[in-house]
Structure formats: structure tokens, C-alpha cells
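All remarks here apply to the structure that follows.
Fair warning: this is a prediction, and the values are worked out from it, not measured in the lab.
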Amino acid sequence: MRALVLLCCFVASLLLPGQAELQVSSSGGTEDVGNLLENHFSAGDASLEEKERALRAEAAPGETHPLLHPPEGGEDGSSEKTAAEGLGSDPDPEASLSNASASESAATGEPAGPGAEDAGPPGAASALPAGGEEEAEDVSEEAPLRDRSHIEKTLMLNEDKPADDFSVVLQRLRKIYHSSIKPLEQSYKYNELRQHEITDGEITSKPMVLFLGPWSVGKSTMINYLLGLENTRYQLYTGAEPTTSEFTVLMHGPKLKTIEGIVMAADSARSFSPLEKFGQNFLEKLIGIEVPHKLLERVTFVDTPGIIENRKQQERGYPFNDVCQWFIDRADLIFVVFDPTKLDVGLELEMLFRQLKGRESQIRIILNKADNLATQMLMRVYGALFWSLAPLINVTEPPRVYVSSFWPYDYKPDTHRDLFLREEISLLEDLNQVIENRLENKIAFIRQHAIRVRIHALLVDRYLQTYKEKMTFFSDGELVFKDIVEDPDKFYIFKTILAKTNVSKFDLPHREAYKDFFGINPISSFKLLSQQCSYMGGCFLDKIERAITQELPSLLGSLGLGKNPGALNCDKTGCGETPKNRYKKP
């Protein structure tokens with residue numbers, strides 16, 4: 001009987017560590033042991049109920065993010081939960097359990113273990129005392145988060161200022177484009193030369209920030225950090241492996257919502273409708289996410305798939321470089337992200353930098369995860385990055401390179417914290433400048449587009465004039481024009497444009513581009529510029545030149561002087577829709 005009693009005590013001590021030991025007298029029998037075990041397990045059940053209540057309290061929704069607008073549609077948030085599940089941001093039950101344990105320890109006033117005040121890095125192990133016996137348990141503790149006040153201050157996210165009404169300016173800009181630029185653009189098929197058709201959605205769209213770079217360098221993590229989406233249902237999925245396989249567009253919306261690429265391309269009101277030309281395979285790799293965030297009210301982020309050098313482009317199923325070129329042409333700011341372990345340059349990255357030619361003013365190179373390196377190693381990596389990119393960026397002034405670690409956790413000890421923080425603030429200032437200069441950049445972009453359309457029309461007109469001059473009654477039209485296209489310098493095509501017009505030689509397109517252009521567009525399908533006139537509408541060339549020299553600069557000047565852009569003096573700028581009848585007597 002004594003052996004049975006001792007065995008029961010031993011089993012109870014193993015099953016319920018941390019509780020008081022069972023006290024069984026030497027003279028007690030099986031009835032006393034049963035009563036003691038029953039009382040002990042009843043106390044254990046009460047402890048389990050307390051833990052369950054603590055878990056439910058921990059699982060209750062906490063404070064909302066200060067920069068995220070409250071979701072619409074009630075308290076349940078069913079739509080947000082569904083979208084969050086698609087983003088892969090499900091809560092971790094083990095993390096909730098560890099949080100509940102910490103809450104229970106705080107409620108009882110007992111320390112959670114050694115080092116409980118200073119949280120260690122993720123995956124750290126701590127020993128928790130239990131009933132006089134120390135038992136090692138692995139507890140996942142989050143690393144300390146860094147201060148985000150500099151982000152909110154630099155981007156002015158906490159300022160409760162009324163949103164600027166740009167509708168009048170954008171309406172006027174759209175009117176200039178449709179009346180003065182688009183007629184000549186369509187008449188000479190400029191879109192087939194440059195593959196860039198401007199839509200109303202693009203004119204009224206917000207500034208676009210594009211993230212490019214190899215896989216797993218921290219592009220998605222950087223977006224989560226800038227928006228403060230980590231540990232929320234809004235965050236993008238990240239990982240050490242190639243995780244982003246789609247072009248992800250983060251836009252502002254009243255609530256969390258996922259939009260398929262097919263829907264985005266079908267909506268003509270958005271600026272992504274031209275993406276339908278890249279095929280259905282690409283639209284399956286395009287996804288839009290609406291997030292109610294203050295920063296997304298003024299800017300749009302685009303996260304791209306990482307560049308993988310050991311994969312052929314045909315395996316993606318869609319023209320990856322052509323899609324990147326579409327986003328590059330429309331981006332106001334381009335972040336090319338690297339990390340110290342992925343500095344090699346392959347064919348796909350080399351092709352990407354070729355597409356960035358002429359866009360050096362919008363490029364910002366980021367050396368991410370810099371706090372993983374010591375000072376001497378960081379200098380070597382910085383030099384190796386420039387050595388790898390020097391053949392690809394053949395300009396006098398290289399793009400700005402930012403060295404920091406863009407993620408929400410604190411910098412590692414014994415690193416250049418002040419340097420990384422200053423670099424981060426400089427990058428945020430660049431981003432804020434793009435947001436503040438939104439209208440100026442949009443007007444300058446439309447004016448640049450108008451200049452290119454005008455040069456294209458002058459060149460096509462000169463090709464057509466030369467063709468008509470060389471044609472005789474006995475000439476073969478195809479052979480004559482083939483000779484002109486193959487050697488335009490022989491007929492002074494480009495030199496005549498430079499001599500007779502105020503066109504810069506640096507703005508002229510490449511001669512080879514017109515071989516392909518006239519290969520699909522016969523010269524007989526075009527009219528001379530002198531024939532592109534009407535009595536009431538005027539000449540196409542005069543209207544686009546007036547837009548370049550008068551209307552767009554006046555609209556831009558009205559922004560700088562703080563005037564009302566909707567009250568332009570059309571008598572001075574010539575922006576009236578109905579021209580004066582010069583033949584009518586006053």
C-alpha cells in the first residue's frame with residue numbers, strides 16, 4: 001500500500017509541475033489518496049479556466065494603427081479578414097499563447113523569467129521557474145521595434161491639414177491633352193512607335209513609386225515598414241525565399257480589399273487598363289490591394305517580382321521586361337534594392353538597367369540590411385556594388401545610393417545607427433518631395449510627351465515629302481521608299497528637321513526605330529502636316545506648338561505663383577477652344 005501511495009505522488013508531481021506537492025500520511029489509505037488527487041485536479045481545472053480567459057482577452061482586438069483608417073462594414077471585419085487570409089497574414093496561435101502567458105505573469109506580479117524586461121531577438125530561449133524546478137522552454141520573443149516618429153514627421157502623416165483640391169488643375173491638363181496633343185498623336189500613330197498611350201486615368205493618377213531588385217532583398221519588407229503594416233492584417237507576405245511572384249499594386253481604399261488583375265485592366269477609370277495588351281497570363285500575375293492608409297492617399301506603391309538570374313524569361317509566361325518598361329515609363333520614383341549577399345549582375349538585371357536609361361533622375365539605389373555588416377565589410381560591399389553597377393549606369397553623375405536597414409526592428413548593436421538613420425531620413429525626404437511636386441511633375445510629363453509627339457510628326461512629314469519628291473511616273477513606290485528608309489541620311493531627313501525647326505538633336509529618335517515603324521505602317525496611310533488643318537479647328541501642328549510653348553507653361557506657372565489655375569486668361573495664352581474668325585470684320 002505504501003508503494004502505491006508513493007507511486008501516485010510521483011505521477012502527480014510529474015503531471016502537475018509548479019503546484020504544491022501532495023501530502024499523504026503514512027497511515028493514509030487509498031481513500032485519502034483519492035480525495036487529495038481529486039482536490040488537486042480541481043485546482044488545476046480552475047487554473048486552466050484562468051488561462052482560457054487570459055487567452056480570450058489576448059485574442060480580443062487591440063488598438064488600431066494610428067495611420068490606418070478604421071474599416072467600414074461593422075465590428076466583425078469579415079471582408080478584411082478574408083482579404084488578410086489571401087495575403088498570408090494569419091495570426092500565429094503559438095505567438096498568442098506566449099503573449100497570454102506573459103499577460104498572466106504580469107497579472108500575478110511574477111517575472112516571466114530572466115531577461116523579461118529586455119526582449120531578445122526572435123527565437124531566443126528563456127528559462128521559466130516552475131514549482132521550485134527550473135525547466136528550459138523555448139519562448140519566441142519579438143525583437144524591439146524602432147521608433148517611427150521620423151517617418152511620420154518627414155512624410156507629414158500626422159498633420160490634419162485638408163487635402164488639396166487638384167481637380168481643377170487636372171481637368172485643365174486633361175483638356176489641353178485631348179484638344180491639342182492627342183489629335184496629332186493619333187493621326188501619326190505615335191503609340192506604335194513608343195508603345196505609350198496616355199489615358200485619363202494616368203493623367204489623374206497619384207505618383208507611383210516602383211520597387212525593383214533581386215529576390216529576397218527586402219522590397220516587400222520595406223513597403224511594410226514605410227506603411228507601418230507589420231504585425232497587422234494589412235502586411236505583405238515576406239520570407240527568405242522568393243515570395244513575391246506577382247506585380248503588387250498598393251492603392252488607397254476605404255477598407256482592405258484585394259483586386260484581381262483582370263478587374264484592374266477592365267476598369268477604364270484606373271491607369272492600368274493598357275496592361276491588358278500583355279496577355280492573360282500576365283493579368284493573372286497582377287494584383288491590386290487597397291489599404292486605408294494616409295500615405296496611400298497621396299502615393300501608390302508597386303512591388304515587383306524579384307529578379308532571378310538562373311531562370312529564363314520565357315519561363316515566366318509573360319514578357320517580364322516589357323511589363324517592367326511599362327511601369328518604369330510611368331514611375332515618378334524608382335527604388336532599386338540590393339542587399340550585401342546579392343550583388344551579382346546577370347542578364348536579366350543588365351536588361352533592366354538598359355531599360356532605365358534616361359531615367360537616372362528618378363532612380364534611387366538602396367543597399368539594404370546594412371546593419372548585418374561590420375564597418376570594414378560595409379565599405380567593401382559598398383565598393384563592390386559600385387563596381388558591379390558601373391558598366392550598367394554610364395552617366396557622369398551616378399544615382400544616389402542609400403545605405404541602411406529598412407525594416408521595423410531596431411538596428412543591431414555596434415553598428416552605425418546615426419548614419420543609417422540619416423540615410424533613411426534622406427530617402428524619406430526624396431519620397432516626400434515627389435509627393436509634394438505631384439502636379440508639377442505631371443504637367444512636365446505631359447509637356448515632354450507633347451514634344452516627342454511633335455518631333456515624330458515632323459519626321460513622318462519629312463519622310464512623306466521626300467517620298468513625293470522622288471516619285472516619278474515610272475518609279476516603283478516600294479523601292480523608292482525602301483531606299484529612303486534604309487538610308488535616311490542620304491536624303492537629309494534628320495538634318496533637315498534640325499535645320500528648319502527648333503528641335504534638339506538629343507531629342508531625335510533612333511533611325512532604326514522608323515524601319516520597324518514604316519514596316520507595319522505604309523507611308524501612303526499618312527497625310528502631310530499642311531493637310532492636317534480645318535477651318536474651325538485650326539492646324540494640328542499649331543495647336544500642339546501652342547500647348548508646348550504657352551498653355552502648359554502657363555498652367556505650370558500658375559501653380560508656382562499660387563494663382564487659381566481655373567481662371568487662366570485665354571486671350572493671352574491662346575487656350576480658347578473656338579479660334580477667332582480672322583475673315584470676319586470687327
Side-chain angles (χ1 to χ4, degrees), residues 169-200 202-204 274 329-330 358 439-465 493-494 496-510 513-514 517-518 521 523 525-559 565 568-582:
V169 182
L170 295 177
Q171 182 179 2
R172 180 61 196 157
L173 182 62
R174 186 175 60 178
K175 194 173 184 180
I176 293 175
Y177 171 73
H178 281 282
S179 62
S180 303
I181 303 173
K182 194 170 184 178
L184 193 64
E185 178 183 348
Q186 292 179 337
S187 178
Y188 287 94
K189 301 180 181 180
Y190 175 77
N191 183 40
E192 297 185 12
L193 177 72
R194 295 275 303 185
Q195 295 295 321
H196 190 175
E197 181 180 1
I198 297 180
T199 61
D200 291 344
E202 185 175 354
I203 295 177
T204 59
D329 290 340
R330 290 156 179 81
L439 287 182
E440 290 83 350
N441 295 337
K442 191 73 68 175
I443 296 173
F445 166 72
I446 296 297
R447 187 175 184 273
Q448 183 184 35
H449 178 77
I451 292 174
R452 290 173 176 173
V453 171
R454 173 177 173 268
I455 293 174
H456 170 69
L458 290 172
L459 283 172
V460 174
D461 179 73
R462 187 58 196 167
Y463 271 100
L464 185 57
Q465 288 183 19
I493 299 292
F494 289 82
T496 303
I497 297 297
L498 295 176
K500 294 185 177 181
T501 60
N502 57 344
V503 174
S504 173
K505 65 178 181 179
F506 302 104
D507 293 334
L508 291 176
H510 199 273
Y514 283 92
F517 177 77
F518 287 117
N521 297 294
I523 190 64
S525 62
F526 297 103
K527 295 181 180 179
L528 294 173
L529 281 173
S530 58
Q531 300 175 355
Q532 301 281 1
C533 299
S534 63
Y535 175 74
M536 295 299 297
C539 298
F540 287 173
L541 184 61
D542 295 339
K543 295 174 70 175
I544 196 172
E545 287 182 347
R546 184 168 63 247
I548 294 172
T549 58
Q550 298 179 7
E551 296 178 5
L552 292 175
S554 298
L555 187 61
L556 186 62
S558 64
L559 294 176
L568 295 177
N569 190 349
C570 293
D571 294 334
K572 295 182 179 180
T573 60
C575 59
E577 291 302 317
T578 56
K580 296 180 179 180
N581 188 353
R582 69 185 68 180

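- Inter-residue side-chain proximity for Tyr188 and Val453 is flagged as unmet; no heavy-atom pair is nearer than 4.5 Å.
- The side-chain heavy atoms of Ile493 and Tyr463, taken from C-beta on, include a pair separated by under 4.5 Å.
- Minimum interatomic distance between Pro553 and Ala547 (heavy atoms only, all atoms of both residues): CD-O, 3.8 Å.
- Expressed to the nearest 0.5 Å, how far CD1 of Ile451 lies from CD of Glu545 amounts to 11.0 Å.
- Summarising the geometry, atom CG belonging to Asp461 is positioned 8.5 Å from atom CG belonging to Leu541; distances are rounded to the nearest 0.5 Å.
- When all heavy atoms of Phe526 and Ser187 are compared, the pair lying nearest together is CD2-O, 3.8 Å.
- For CD of Gln531, the number of neighbouring non-hydrogen atoms (other residues, nucleotides, ligands) closer than 6.0 Å is greater than 12.
- Atom CD1 in Ile548 sits 11.0 Å away from atom CD in Gln448 (nearest 0.5 Å).
- Separation of atoms CZ (Arg172) and CD1 (Ile443) is listed at 11.0 Å; rounding is to 0.5 Å.
- In this structure the side chain of Pro274 never reaches within 4.5 angstrom of the side chain of Glu202, judged on heavy atoms.
- Considering only residues two or more places apart in sequence or on other chains, Asp542 meets the side chain to side chain donor-acceptor pair (under 3.5 Å) condition with none of them.
- Scanning both residues, Lys527 and Leu464, for their nearest heavy atoms gives C-CD2, 3.6 Å.
- Separation of atoms CZ (Phe494) and CG (Leu458) is listed at 12.0 Å; rounding is to 0.5 Å.
- How far OH of Tyr514 is from CD1 of Ile523: 11.0 Å, rounded to the nearest 0.5 Å.
- The minimum heavy-atom distance between Thr204 and Leu170, with the atom names listed, is CA-CD1, 4.1 Å.
- Taking 4.5 Å as the limit, some side-chain heavy atom of Asp200 sits within range of a side-chain heavy atom of His178.
- Ring pair Tyr177/His449 is tilted by interplanar angle, where 30° to 60° counts as tilted.
- When only modelled atom types and interatomic distance are considered, Arg462 and Gln465 share a side-chain donor-acceptor pair under 3.5 Å.
- In terms of heavy atoms, Leu498 sits closest to Ser504 at CD2-C, 3.9 Å.
- Scanning all heavy atoms of the two residues, the minimum distance from Ile544 to Arg454 falls at CD1-N, 4.1 Å.
- Within the 4.5 Å cutoff, side-chain heavy atoms of Leu529 are placed close to those of Leu184.
- The residue from Lys543, Lys182, Glu551, Arg447 that alone fulfils the side chain to side chain contact (heavy atoms under 4.5 Å, CB included) condition with Ile176 is Glu551.
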Arg452 and Asp507: side-chain contact (heavy atoms from CB on, under 4.5 Å), yes or no, with the steps?
CA-CA 8 Å; Arg452 290 173 176 173; Asp507 293 334; over 6 Å; no
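- Within the 4.5 Å cutoff, the side chain of Leu173 has heavy atoms near those of the Leu552 side chain.
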